[in-house]
Amino acid sequence: MRQCELCGCWESFYNPIEKHHVFHGRGIRKLAEKYGMTIHICHNCHQGPEGVHNNRELDLSLKRQYQERFEEEGHSREEFRAIFGKSYL
């Protein structure tokens with residue numbers, strides 16, 4: 001059984017755990033996969049009323065966190081921009 005990386009709830013039939021690509025659109029999903037920029041979250045945190053797809057602040061917060069991690073791993077901000085189109089920091 002899997003656990004939501006945002007709220008900590010356990011996967012259930014009514015609230016499955018789903019993979020969210022922190023960066024997406026126009027071929028970016030494949031890059032998110034390549035660089036490990038995905039998060040496993042429950043359906044409510046993914047698509048619910050306050051989920052990442054409906055909550056701009058949560059979406060931007062995840063983007064900032066994953067960009068920070070990318071830079072902490074030794075990549076430059078310019079490299080991030082070249083790959084993902086813009087900086088969120």
Side-chain angles (χ1 to χ4, degrees):
M1 218 146 86
R2 298 180 292 176
Q3 193 171 13
C4 177
E5 294 179 45
L6 290 181
C7 75
C9 76
W10 291 97
E11 181 174 40
S12 71
F13 179 79
Y14 298 103
N15 194 22
I17 299 296
E18 303 168 349
K19 185 190 302 189
H20 172 67
H21 294 79
V22 176
F23 301 97
H24 47 84
R26 292 177 286 142
I28 302 295
R29 270 192 186 90
K30 287 183 181 180
L31 294 169
E33 289 275 346
K34 177 180 177 180
Y35 291 99
M37 297 190 176
T38 62
I39 184 171
H40 290 91
I41 54 180
C42 69
H43 180 75
N44 289 334
C45 288
H46 195 206
Q47 301 283 346
E50 294 300 318
V52 69
H53 283 288
N54 296 307
N55 182 330
R56 183 74 175 142
E57 267 314 301
L58 177 56
D59 180 52
L60 290 174
S61 173
L62 286 173
K63 284 175 168 48
R64 286 189 291 267
Q65 287 176 14
Y66 277 76
Q67 181 177 349
E68 286 173 356
R69 182 186 302 172
F70 182 83
E71 292 179 12
E72 287 170 2
E73 291 172 353
H75 301 281
S76 69
R77 190 158 297 171
E78 292 73 28
E79 185 179 359
F80 183 88
R81 278 192 201 106
I83 295 168
F84 295 102
K86 72 178 202 175
S87 173
Y88 294 90
L89 299 177

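Everything numeric in this text was worked out from a predicted model, so none of it was measured.
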| Closest heavy-atom pair and its distance - L31, I83 | CD1-O, 3.5 Å
| field | Separation of S61 OG from R56 CZ (nearest 0.5 Å) | value | 12.0 Å
| For the residue pair F80 and F23, is the inter-centroid distance of their aromatic rings smaller than 6.0 Å? | yes
| task | Could you walk me through whether E71 and L89 pass the side-chain contact (heavy atoms from CB on, under 4.5 Å) test, one step at a time? | result | CA-CA 11 Å; E71 292 179 12; L89 299 177; 3.8 Å; yes
| said: Using the salt bridge (charged side-chain N to carboxylate O under 4.0 Å, His left out) criterion, which residues pair with E68? Sequence neighbours excluded. | reply: none
| note | One should read off an interatomic distance between R64 CZ and E57 CD, to the nearest 0.5 angstrom, of 5.5 Å
| hydrophobic_cluster_shared for W10 and I17, side chain cutoff 4.5 Å | no
| message | Nearest 0.5 Å, please: how far is CD in E5 from CD in Q3? | response | 9.0 Å
| message | With a sphere of 6.0 Å drawn around CD of Q65, does it hold more than 12 non-hydrogen atoms of other residues, nucleotides or ligands? | response | yes
| said: I need the minimum non-hydrogen distance between C4 and C7, along with the two atoms involved. | reply: SG-N, 3.4 Å
| field | Distance in Å, E79 CD paired with F84 CZ, rounded so as to fall on 0.5 Å steps | value | 9.5 Å
| Smallest separation among heavy atoms of L62 and L6, with atom names | CD2-CD2, 4.2 Å
In a table with atom names and distances, give each donor-acceptor pair under 3.5 Å that connects a side chain of residues 32-49 to protein atoms at least two apart or in another chain.
| unit_1 | atom_1 | unit_2 | atom_2 | d |
| --- | --- | --- | --- | --- |
| E33 | OE1 | K19 | NZ | 3.4 |
| E33 | OE2 | K19 | NZ | 3.0 |
| E33 | OE2 | H21 | NE2 | 2.8 |
| H43 | ND1 | E18 | OE1 | 3.4 |
| H43 | ND1 | E18 | OE2 | 2.8 |
| H46 | ND1 | E18 | OE1 | 2.6 |
| H46 | NE2 | H20 | ND1 | 3.3 |
| H46 | NE2 | H53 | NE2 | 3.2 |

| How would you list, by chain and number, every residue that makes a side chain to side chain donor-acceptor pair (under 3.5 Å) with R26, sequence neighbours excluded? | none
